[in-house]
2 protein chains.
Amino acid sequence: MNIGEASKASGVSVKMLRYYESIGLLPRAQRTESGYRVYRAEDVTALRFIRNARDLGFPLDRIEALLGLWRDRTRASAEVKLHAEAHVADLDEKIAVLQQMRDALRHLAAHCHGDDRPDCPIIDGLAGSAQPAPTSRSARRPASAASATYARIGV
Amino acid sequence: MNIGEASKASGVSVKMLRYYESIGLLPRAQRTESGYRVYRAEDVTALRFIRNARDLGFPLDRIEALLGLWRDRTRASAEVKLHAEAHVADLDEKIAVLQQMRDALRHLAAHCHGDDRPDCPIIDGLAGSAQPAPTSRSARRPASAASATYARIGV
DNA sequence: GATGCTCCCTCCCAAGGTGGGAGGGTCAAG
DNA sequence: CTTGACCCTCCCACCTTGGGAGGGAGCATC
């Protein structure tokens with residue numbers, strides 16, 4: 001099976017197949033004499049595993065761990081569950097941050113006329129000095145502080 | 001005011017101040033003879049505007065537009081509202097995708113013993129051939145397809 | 001005036017995943 | 001043998017942020 005066929009059979013793009021191999025998530029595929037990668041049916045199963053895990057939002061490093069557990073028939077399901085629950089927690093946090101953003105913005109937008117006049121609570125809200133300047137040493141800036149958490153969100 | 005002071009006063013990191021200037025989101029700051037950037041109080045107001053908009057998850061290009069509207073006293077509030085509502089829609093979509101992931105994963109995890117035994121519905125679910133292979137030409141793969149939407153999410 | 005500390009400068013690198021494309025080889029059908 | 005579809009390896013871009021190297025500027029203290 002060539003890379004294109006493996007891609008179609010697994011739902012993982014050709015680009016990603018090569019990338020996953022390059023970062024060591026996948027073992028180096030066998031090659032033909034001319035250098036073409038060759039995949040077997042078992043490989044496709046692993047690819048689908050990865051694909052499914054990506055669809056659930058697992059980051060690649062966690063997928064690597066899950067692949068290991070998948071192959072390890074003596075695994076404890078508790079270990080798998082830990083990964084799953086940690087990821088659920090990650091997702092929950094991201095969702096919470098996004099919801100806070102959305103709700104705050106919706107609140108501002110709700111009071112905006114949305115007509116030809118220039119006065120606008122949204123602009124006023126953005127211009128307001130809501131952020132008192134971080135004291136740099138102590139990470140104050142409580143739960144409502146999206147942006148501290150923000151950079152880490154990178155779905 | 002030096003860059004460090006402007007940073008503290010606005011809550012925008014020094015790194016980001018320089019970056020925003022480099023991409024043209026901010027006008028080039030005035031400089032001392034020795035090359036230090038100099039900021040005035042009005043500049044800090046704009047920085048706080050940006051900071052607030054980032055906290056609400058606005059991407060920089062939309063912030064650029066919002067800054068323009070902010071400075072334009074003849075703006076129509078409708079235009080601002082459009083940006084806000086578009087961003088709310090973006091947030092809603094991201095939230096929905098993340099929630100789907102979380103719910104699917106939670107469902108799998110709920111049936112996992114989480115003990116020493118190796119059998120695990122989470123692993124089984126990931127290994128299952130849920131993804132039938134994309135026909136590449138037509139983007140089937142319906143609403144539940146997180147990953148199509150996935151790449152675009154980049155909070 | 002020399003040392004030292006903090007601040008500033010400009011560049012480069014990293015991250016996460018994914019797609020796009022250049023430039024060139026390979027394979028099978030016609 | 002030619003053609004078109006496939007494959008190969010590199011490099012680049014996205015987006016935003018932080019980290020750090022290597023070096024200059026400014027101020028205070030000895």
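Below, all heavy atoms of this structure are taken into account, side chains as well, without hydrogens, waters or symmetry copies. Each chain gets a letter, A, B and so on, in the order its sequence line appears, and its residues count up from 1. These numbers were taken from a predicted model, which means no experiment stands behind them.
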Please answer whether the main-chain N or O of A/Arg40 pairs with a side-chain N or O of A/Asp43 as donor and acceptor at a distance below 3.5 Å. yes
Pairs under 3.5 Å (N/O, protein and nucleotides 27-30 of chain C):
unit_1	atom_1	unit_2	atom_2	d
C/dC27	OP1	A/Ser34	OG	2.8

Is the phosphate of C/dC8 approached by B/Arg37 (side-chain N or O, under 4.0 Å from OP1 or OP2)? no
Backbone N/O of B/Val12 and side chain of B/Ser7: donor-acceptor pair under 3.5 Å: yes
When the distance from CD of B/Glu21 to P of C/dT10 is rounded to whole Å, what number comes out? 8 Å
What do you reckon, is CD of B/Glu5 surrounded by more than 12 foreign heavy atoms closer than 6.0 Å? yes
Could you tell me whether the phosphate oxygens of D/dT9, OP1 or OP2, come under 4.0 Å of any side-chain nitrogen or oxygen in A/Arg31? yes
Looking at A/Arg51 and A/Gly11, would you say the former's side chain and the latter's main chain have a donor-acceptor pair under 3.5 Å? yes
Ignoring hydrogens and angles, does a donor from either the side chain of B/Lys15 or the base of D/dG19 sit under 3.5 Å from an acceptor on the other? yes
Once you round it to whole Å, what is the distance between P of D/dT16 and CD of B/Glu64? 11 Å
In whole angstrom, what separates B/Arg28's CZ from C/dC9's C1'? 16 Å
Mind checking A/Arg18 for me? I need base, sugar-phosphate or nothing, with any heavy atom below 4.0 Å counting as a touch. base
So, the side chain of B/Asn2 versus the backbone of B/Tyr36: is there a donor-acceptor pair under 3.5 Å, distance only? no
Would you tabulate the side-chain donor-acceptor contacts of residues 74-89 of chain A under 3.5 Å, counting partners in other chains and residues two or more places apart, or write 'none'?
unit_1	atom_1	unit_2	atom_2	d
A/Thr74	OG1	A/Asp72	OD1	2.7
A/Arg75	NE	B/Pro118	O	2.8
A/Arg75	NH1	A/Leu69	O	3.0
A/Arg75	NH1	A/Trp70	O	3.1
A/Arg75	NH1	A/Asp72	O	3.3
A/Arg75	NH2	B/Pro118	O	3.4
A/Ser77	OG	B/Gly114	N	3.3
A/Ser77	OG	B/Asp115	N	3.1
A/Ser77	OG	B/Asp115	O	3.3
A/Ser77	OG	B/Asp115	OD1	3.3
A/Ser77	OG	B/Arg117	O	3.2
A/Lys81	NZ	B/Cys112	O	2.8
A/His83	ND1	A/Arg62	NH1	3.4
A/His87	NE2	A/Leu56	O	2.9
A/His87	NE2	A/Gly57	O	3.2
A/His87	NE2	A/Phe58	N	3.3

In whole angstrom, give the distance that lies between atom CG of A/Leu17 and atom C1' of D/dT9. 16 Å
Starting from C1' on D/dT17, measure out to CG on B/Asp55 and report it in whole angstrom. 14 Å
Whole angstrom is fine here: how far is it from CD1 in A/Ile23 over to C1' in C/dG16? 10 Å
Backbone N/O of B/Arg48 and side chain of B/Asn52: donor-acceptor pair under 3.5 Å: yes
For the pair made of CZ in B/Arg54 and C1' in D/dT16, what is the distance, rounded to whole Å? 7 Å
Is any side-chain nitrogen or oxygen of A/Tyr19 closer than 4.0 Å to OP1 or OP2 of C/dG16? no
Hey, does the side chain of B/Ser13 come within less than 4.0 Å of D/dG18's phosphate (OP1/OP2), counting only N and O? yes
Kindly say if B/Arg51 contacts the phosphate of D/dT16, meaning a side-chain N or O under 4.0 Å from OP1 or OP2. no
Calculate the interatomic distance between B/Met16 atom CE and D/dT17 atom C1'; express it in whole Å. 4 Å
